[in-house]
Amino acid sequence: MSTLTVPPGFSSVIASLLSTVVLLAGQSIAVSRNRRSAGIEYPRLYAEKAEMTASPAAVKFNCVQRAHQNTLENIPQVTVVLGLRHPTLAASALGVWVISRVAYTLGYASGEPSMRNNVFTRLTYYPSIMTLMFGSIYTAFQLVAAGI
């Protein structure tokens, strides 16, 4: 049976994972603030179409809520897998991914949904998420091939 040791530099993977906690906390605060402004009561996730037509605050709430939801849908748990063999690459890619999500959230929070995907977010999100996904797949293959 092979043993797996945590590689030097793995602490940077842990630190980058903690940055996602800060990102999600910031998004949660923004959702709560915009929920209050729009008068959208819990447990509703989104404002209805009529509310959006009547209130720019409801549109902005939906945009901020969607940015937060989209981040939750795309959070790259695969960072740990890639980090087992390539911790610096994993931490760097996740750091870029978090920065791309901050820009995405700020663009979306403007209340104009098209602002979420600007040139900056496209140039940072796709390379970082692809690095995390394909790097993790490759790392998993390496670990399986090594019998770990």
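Side-chain atoms are counted along with the backbone in the values below, which use heavy atoms only and exclude waters and symmetry mates.
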task = Walk me through it: do R116 and T121 pass the test side-chain contact (heavy atoms from CB on, under 4.5 Å)?
result = CA-CA 8 Å; R116 73 190 190 281; T121 58; over 6 Å; no
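Grouping the Ile, Leu, Val, Met, Phe, Trp and Tyr side chains by contacts below 4.5 angstrom, directly or via other members, places V31 apart from L106. Under a hydrophobic-cluster definition in which Ile, Leu, Val, Met, Phe, Trp and Tyr are linked whenever side-chain heavy atoms come within less than 4.5 Å, directly or via other members, V80 and V6 are assigned to the same cluster. Linking ILVMFWY residues whenever their side-chain heavy atoms come closer than 4.5 Å, directly or via other members, places L94 and L23 in the same cluster. When the side chains of ILVMFWY residues are joined at heavy-atom separations under 4.5 Å, either directly or via intervening members, M130 and V78 end up in a single hydrophobic cluster. Using a 4.5 Å cut-off between side-chain heavy atoms of Ile, Leu, Val, Met, Phe, Trp and Tyr, with links allowed through other members, Y108 and V102 fall into different hydrophobic clusters.
Rounding to the nearest 0.5 Å places NE2 of H86 at 11.5 Å from OG1 of T131. Atom OG1 in T79 sits 11.0 Å away from atom CG in L84 (nearest 0.5 Å). Distance CH2/W97 to OG/S92: 15.5 Å, rounded to 0.5 Å. A distance of 7.5 Å separates CD in E112 from SG in C63, rounded to the nearest 0.5 Å. Here the CG atom belonging to L82 is positioned 5.0 Å from the CG atom belonging to L89, to the nearest 0.5 angstrom. Taken from CG in L72 to OG in S28, the straight-line distance is 7.5 Å, to the nearest 0.5 Å.
Judged as a salt bridge (Lys or Arg N to Asp or Glu O under 4.0 Å), the pairs with a partner in residues 60-79 (not counting sequence neighbours) are, in order, R66-E73.
In this structure, S100 contributes its side chain and T124 its backbone to no donor-acceptor pair below 3.5 Å. Between the side chain of N62 and the backbone N or O of Y46, no donor-acceptor pair lies under 3.5 Å. No donor-acceptor pair closer than 3.5 Å links the side chain of T20 to the backbone N or O of S16. Side-chain N or O atoms of Q27 include none that pairs as donor or acceptor with a backbone N or O of T105 at under 3.5 Å.
Taking all atoms of both residues into account, the shortest heavy-atom contact from I75 to L24 is CD1-CD1, 3.7 Å. Of all non-hydrogen atoms in R35 and I40, the two that sit nearest each other are CG-O, 2.8 Å. Heavy-atom minimum distance, G9 versus P87: O-CB, 3.4 Å.
Side-chain atoms of R101 and N74 form no donor-acceptor pair, as typed in the model, at a separation below 3.5 Å.
We find that E41 and R36 are not joined by a salt bridge, their nearest charged nitrogen and carboxylate oxygen being 4.0 Å or further apart.
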Side-chain donor-acceptor contacts of residues 139-148 below 3.5 Å, not counting sequence neighbours, with atom names and distances?
from: T139; atom 1: OG1; to: G135; atom 2: O; distance (Å): 2.8
from: Q142; atom 1: NE2; to: Y138; atom 2: OH; distance (Å): 3.3

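Among residues two or more places apart in sequence or in another chain, the side chain to side chain contact (heavy atoms under 4.5 Å, CB included) test is passed with S55 by A57, A58. Partners of F61 according to the ring pair (Phe, Tyr, Trp, His ring centres under 6.0 Å) rule, which considers only residues two or more places apart in sequence or in another chain, do not exist here.
When hydrophobic residues (I, L, V, M, F, W, Y) are linked wherever their side-chain heavy atoms come within less than 4.5 Å, V96 remains an isolated member. In the hydrophobic clustering, where aliphatic and aromatic side chains (Ile, Leu, Val, Met, Phe, Trp, Tyr) are joined below 4.5 Å either directly or transitively, I29 stands alone.
Heavy-atom neighbours of M115 CE from other residues, nucleotides or ligands within 6.0 Å: at or below the threshold of 12.
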